[in-house]
There are 2 protein chains.
Amino acid sequence: MFEKHGFHGVTVNQIVDKTGTSKGGFYHHFTSKDELLFVIHDAFITYVLEKATIATETFANPTEKLQAIIKVFVKTFDLYKAHISVFYQETIYLKPAYENRIKKKRDQFKQILLNAIREGKEAGEFRDDIPVDITTMAILGMVNWTYKWYQQPGTKTIDEIGSIYVDLILHAVLKADSISGDTYQQLLISSVKQDFHI
Amino acid sequence: MFEKHGFHGVTVNQIVDKTGTSKGGFYHHFTSKDELLFVIHDAFITYVLEKATIATETFANPTEKLQAIIKVFVKTFDLYKAHISVFYQETIYLKPAYENRIKKKRDQFKQILLNAIREGKEAGEFRDDIPVDITTMAILGMVNWTYKWYQQPGTKTIDEIGSIYVDLILHAVLKADSISGDTYQQLLISSVKQDFHI
DNA sequence: GTATACAGACCAACCAGTCGGTCTTTAAAA
DNA sequence: TTTTAAAGACCGACTGGTTGGTCTGTATAC
């Protein structure tokens, strides 16, 4: 409901009507409408942060790390599409105390991606002339924006979309000699490997 | 104010206080608070649509077209940062009649970008294995997301950021042989050329 | 003298949150 | 095993503050 009509476009009465509960019940479980908004935010960012952490720990190679982070993130769209929409649309309405807690986790996630890119440059796998910070935000933007248009079921599965993103991003950041010929195919993590067990 | 606190986080009274006007004055110029939201949306999308149209008309070559569209779009962040934030944050609160008018222009803009990419593939400049639709959305996302983090003055100017985006995107979509050596530098439109007169 | 621009007190609707109360579960006491 | 009392879960009518919008009145421009 928040995804479609926005936090202020949905009343607590509508929520309890839809869920077949009551106002009393709602305020028994949540201290406020704002807390519900926080819970939605927290559920998503906690999940994706954990997945991304495992992704970086699973792979040693920066190129693989980068792929794994992107794949794992894009995959969440199937499960958390609504959460993600709320996460990016309604953050301004989070009360400061809640916002701080979310911001911390969001920054951690960003840092994971940023580290992978920094390591990729240091390892000589990525181009020297890409700025780490802007490239991080560019990738983040490309991937995050998916919430604006992705819908299930579409002409492409979320895994296919993830693979396309990886392809575009790798072509953007890898050194030219890594892309030519068979080398590139070897750099791609296989679909077996990518489903590293959580 | 809408950028910082959201459409529902700002009351009409706050608006007229801030502008030193009155409620009567406000409702003399706007039929409703919703109309103000529409005007903000419309001002930005109309501007950027015109710029993008001129950009495509100015260049014949798809690679140049793509660059020009991105450059011209990113440049608007200096002027329209607040508008853009509202445009992407508060769209759900637009009344259907308003939303339809905005959607039309937004789709036109998307189409301009999509056409450039399609033409690039057809002309053999861009890689054959990039899907036009997803690539369009990827680029759109990368660029649009800027509103979430860009602030003036930052460590990089908006033109620098635009150039980085162009570099990343061209590496992502151009064929491998266009990137190696001096060829790539020749493909970049010069800063003189990019300020094609409007 | 008519239309436009603006002012600000006022109002009706709406909505998050409250509060007294009921039903159900739990677990200790008899 | 039965009784009982306390805690937890849930209900929904009600309220007080807020807010978009109105309306009457005034000043200025043409």
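Chain identifiers are assigned alphabetically (A, B, ...) following the order of the sequence lines, protein sequences preceding nucleic acid strands; residue numbering begins at 1 within each chain. Everything numeric here is computed off the predicted structure, so don't read it as measured data.
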- Under 3.5 Å, is there a donor-acceptor pair between the B:Asp167 and B:Tyr184 side chains? yes

- Per-nt protein contacts along nucleotides 12-30 of chain D (heavy atom under 4.0 Å; B base, S backbone sugar-phosphate only, - none) come out as B------SBBB--------

- With B:Phe7 as reference, evaluate B:Ile92, B:Leu36, B:Leu37 under the side chain to side chain contact (heavy atoms under 4.5 Å, CB included) test and give the passing residue. B:Leu37

- Does the distance from a Lys or Arg side-chain N to an Asp or Glu carboxylate O, for B:Asp129 and B:Arg127, drop under 4.0 Å? yes

- How long is the line joining OH of A:Tyr93 and C1' of C:dA16, in whole Å? 16 Å

- Task: State whether B:Lys95 and B:Glu35 are salt-bridged, where the test is any N-O pair (Lys NZ or Arg NE/NH1/NH2 against Asp/Glu carboxylate O) under 4.0 Å.
- Result: no

- Query: Would you say a side-chain N or O of A:His29 is under 4.0 Å from OP1 or OP2 of D:dC10?
  - Reply: yes

- Message: For B:Phe87 and B:Tyr147, I'd like to know if the aromatic rings sit close, meaning centre-to-centre distance below 6.0 Å.
- Response: no

- Query: For D:dC10, does OP1 or OP2 lie under 4.0 Å from any side-chain N or O of A:His28?
  - Reply: no

